[in-house]
Undergrad: 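Quick one: structure below, then a few questions.
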Amino acid sequence: MAEFITLVYEAQHSLATLDVDSVAHLAGVASMTDFKACRSSDDAARAIESDIALAKKFGSGGTPSVIVNGERFGGGGPSFDDVRALLEKH
């Protein structure tokens with residue numbers, strides 16, 4: 001799974017044309033039949049829609065997005081000083 005996520009992340013500039021099945025194969029997915037069934041399931045669609053709704057709720061427009069205690073940080077996440085300030089605040 002980690003290999004798949006890494007490959008997709010590395011190809012994020014071309015996600016619209018990404019051949020997900022090829023990435024799964026390259027990542028060593030054991031059963032392409034199971035992978036395709038999972039990818040096209042209603043459960044997967046609901047999980048994706050839920051993630052999109054949550055991202056919109058917090059104003060996230062893409063990845064990476066970092067949200068700590070409801071506070072969103074852009075530009076790849078909080079700096080060390082931002083994290084320290086959050087910890088001191090909470």
Side-chain angles (χ1 to χ4, degrees):
M1 180 67 153
E3 182 69 21
F4 177 80
I5 292 169
T6 299
L7 289 170
V8 170
Y9 188 78
E10 289 172 353
Q12 66 180 309
H13 61 280
S14 60
L15 286 179
T17 60
L18 183 65
D19 180 357
V20 178
D21 292 338
S22 293
V23 173
H25 179 74
L26 286 172
V29 170
S31 171
M32 290 304 295
T33 301
D34 290 347
F35 176 78
K36 289 177 182 180
C38 177
R39 187 168 57 94
S40 62
S41 73
D42 290 340
D43 287 345
R46 280 191 295 275
I48 291 167
E49 290 301 321
S50 175
D51 288 350
I52 290 170
L54 183 61
K56 286 181 180 178
K57 174 182 173 183
F58 286 104
S60 176
T63 60
S65 293
V66 177
I67 301 167
V68 178
N69 291 335
E71 192 169 337
R72 185 172 67 85
F73 296 89
S79 68
F80 179 78
D81 290 335
D82 291 336
V83 172
R84 183 189 322 215
L86 268 173
L87 292 172
E88 291 171 353
K89 185 165 101 176
H90 296 283

Undergrad: Any chance the rings of Phe4 and Tyr9 have centres within less than 6.0 Å?
TA: no

Undergrad: What ring-ring contact (aromatic ring centres under 6.0 Å, His included) pairs are there with at least one residue in residues 37-61, not counting sequence neighbours?
TA: none

Undergrad: What's the shortest heavy-atom distance between Cys38 and Ala44, and which atoms?
TA: O-CB, 3.3 Å

Undergrad: What's the spacing between Lys56 NZ and Asp51 CG if we round to 0.5 Å?
TA: 12.5 Å

Undergrad: State plainly whether one hydrophobic cluster holds both Leu54 and Ile52, where clusters connect Ile, Leu, Val, Met, Phe, Trp and Tyr through side-chain heavy atoms under 4.5 angstrom apart.
TA: no

Undergrad: Can you sort out the partners of Lys89 under salt bridge (Lys or Arg N to Asp or Glu O under 4.0 Å), two or more places apart, ordered by chain and number?
TA: Glu71

Undergrad: Return each pair, listed once, that meets side-chain hydrogen bond (donor to acceptor under 3.5 Å, both in side chains) where at least one residue sits in residues 20-38; pairs must be two or more places apart or across chains.
TA: Asp19-Ser22, Asp21-Arg39, Ser31-Asp34

Undergrad: Taking Asp82 for the side chain and Ser79 for the main chain, is one N or O donor matched with an acceptor at less than 3.5 Å?
TA: yes

